[in-house]
2 protein chains.
Amino acid sequence: MVTRAESAAVTRRALLDAAAELLDLGGPAAVTLREVGARAGVSRGAPYRHFSGKDSLLTAVATESWQRIGDQVHALRADPELGASEKLRGALLTLVRVGRDRPHLYQMLFRRHGHRPEELGEGLDRVRRQLCGPADDPVADRLRAAGRFQDEFLAVVAGLVGERNTRHYGALLLSGAHGITDMELSGHLDPDELDASAEELIDTLVRMVADTGPTA
Amino acid sequence: MVTRAESAAVTRRALLDAAAELLDLGGPAAVTLREVGARAGVSRGAPYRHFSGKDSLLTAVATESWQRIGDQVHALRADPELGASEKLRGALLTLVRVGRDRPHLYQMLFRRHGHRPEELGEGLDRVRRQLCGPADDPVADRLRAAGRFQDEFLAVVAGLVGERNTRHYGALLLSGAHGITDMELSGHLDPDELDASAEELIDTLVRMVADTGPTA
DNA sequence: GTTCTCAGATGACGTTGTCACCTAAACGAC
DNA sequence: GTCGTTTAGGTGACAACGTCATCTGAGAAC
């Protein structure tokens with residue numbers, strides 16, 4: 001016999017997996033609640049028993065990905081065979097790797113929420129709900145998971161620059177790695193125009209911070 | 001009397017303006033072809049006479065924005081009262097300003113296209129068309145407009161680092177500014193966790209490049 | 001055994017992007 | 001001027017989507 005809680009957990013897992021798979025294949029537009037339900041072996045309305053809507057489901061997928069990334073940096077931080085700058089390089093390249101392997105998922109990691117739905121006329125209720133509505137639960141979870149990753153990352157940065165500069169240079173390094181990844185994914189790092197493999201850019205960034213950070 | 005070409009150009013302009021306005025108000029989801037048509041004084045199907053679809057319309061809006069940004073950097077580059085590092089700082093802050101003033105438009109500037117629509121099963125034809133289909137004309141225009149901005153930007157960078165390093169450090173600076181902007185917009189630059197106003201981060205970045213770039 | 005609870009199924013509704021078809025006015029050739 | 005052509009724009013229709021109200025049936029609580 002299968003308890004109800006067990007079966008619900010299995011379904012929830014299957015929904016998340018199906019959503020992640022469809023997201024990888026065709027981006028957010030390909031994540032149809034109908035198709036997600038079908039791949040999870042349930043019907044179109046079933047996801048609403050586990051998530052408040054499509055946005056919430058996609059946000060949950062992003063949350064799990066942030067947790068995995070945080071775990072990876074945690075493991076990398078504990079590796080005794082790596083030096084401080086190697087750990088930092090590895091942590092930054094983790095973002096690049098996720099971006100290359102799963103570009104649509106990467107986009108979800110940095111999705112914006114709730115920007116200026118101020119004066120939307122009288123219609124467009126659907127859009128307003130989408131922007132203002134579920135901005136409480138799942139988004140907060142995602143930012144919390146991202147915060148855990150940032151804590152791990154800052155611990156790595158602290159090994160390279162002084163305690164006093166960790167938060168500032170951590171933000172700079174993180175923004176830099178994200179920007180490099182995002183520029184590459186969006187096709188704005190044209191090799192004919194810019195001398196710019198992501199790895200070389202990150203190496204330059206790490207080197208500059210290692211040279212400047214501790215003494216600044 | 002109004003010639004047909006004039007009236008069509010007016011309509012096209014009105015469509016672009018309406019789309020940009022709706023984009024600012026509620027993001028891409030709020031840009032409805034029906035509402036765009038209504039605000040432009042035409043009907044729901046009229047936009048298809050000027051753009052191949054919704055994606056093409058939004059891409060055209062982004063293209064115009066890249067052109068404006070390129071013009072701004074061009075004007076800033078010609079300003080005789082600014083030093084090299086001030087010009088660079090101003091160019092980078094241009095991106096930050098666009099991101100803050102018009103976050104949804106900023107997202108369109110770096111939108112991805114055509115990622116892995118490989119094995120999408122038998123259904124989902126709509127998604128496949130959306131990913132593979134109009135990836136020829138309007139996207140190329142957008143990247144061309146962004147390239148013009150990059151040329152202007154690289155000319156600014158060349159004033160700070162040597163000719164030999166311009167393309168590499170230009171890519172690094174551009175990626176850095178974009179990453180900083182995008183992290184701020186997506187809520188990942190928590191002031192409690194990271195010591196990170198966008199302005200300070202960009203100042204640090206410019207200072208590091210100015211110290212390291214010319215000699216590397 | 002009876003009642004409650006809740007995961008899931010189903011029908012329905014409104015909205016959307018997109019297309020096929022139609023209309024009429026500007027245009028070019030003569 | 002007239003006549004066919006071109007084309008911006010309007011309209012009807014269709015499928016797909018997110019979402020909700022409602023129903024059903026099986027585990028859980030007593």
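Everything quoted here is computed from the prediction, not taken from an experiment. Lettering follows sequence order; numbering is per chain, from 1.
Put simply, CG on L15(B) is 13 Å from P on dG17(C), counting in whole angstrom units. In this structure, the CG atom of D55(B) is 14 Å from the C1' atom of dT16(C), given to the nearest Å. One can place OH of Y48(A) at 4 Å from C1' of dT19(D), the figure rounded to the nearest angstrom. The separation between L57(A) atom CG and dC17(D) atom P is 15 Å, rounded to whole Å. Atom P of nucleotide dG8(C) and atom CZ of F51(A) are separated by 11 Å, given to the nearest angstrom.
No contact: V10(B) has no heavy atom under 4.0 Å from any strand.
Comparing G45(B) and A8(B) by the nucleotide of DNA chain D whose heavy atom lies nearest to each, the residue mapping closer to the 5' end is A8(B). Both A5(B) and G53(B) lie close to DNA chain C; mapped to their nearest nucleotides by heavy-atom distance, the more 5′-ward contact belongs to G53(B). Nearest-nucleotide positions on DNA chain C place G41(A) closer to the 5' end than the other of R34(B) and G41(A).
Taking CG of L154(B) as the reference point, atom CD of E193(A) lies at 6.0 Å (rounded to 0.5 Å). Taking OG of S175(B) as the reference point, atom CD of E184(A) lies at 9.5 Å (rounded to 0.5 Å). Interatomic distance, Y48(B) OH to K54(B) NZ, rounded to the nearest 0.5 Å: 9.5 Å.
With hydrogens and angles left out, the side-chain atoms of H168(B) and T204(A) include a donor and acceptor closer than 3.5 Å.
The side chain of R4(A) lies closest to dT5(C), out of dG9(D), dT5(C), dG18(D). With distances taken from any side-chain atom of R44(A) to the nucleotides dT19(D), dT22(D), dC27(C), the minimum falls on dT19(D). The side chain of S7(B) lies closest to dG9(D), out of dG18(D), dG9(D), dG8(C). In this structure, of dG17(C), dG18(D), dT22(D), it is dG18(D) that holds the atom nearest to the side chain of K54(A).
For the OP1/OP2 pair of dT7(D) and a distance below 4.0 Å, the side-chain nitrogens and oxygens of H50(B) include no atom meeting the criterion. Taking side-chain N and O atoms only, T32(B) has no distance below 4.0 Å to OP1 or OP2 of dT15(C). For dG8(C), the OP1/OP2 oxygens have no side-chain nitrogen or oxygen of S43(A) closer than 4.0 Å.
With hydrogens and angles disregarded, a donor-acceptor distance shorter than 3.5 Å links the side chain of W66(A) to the backbone of L109(A).
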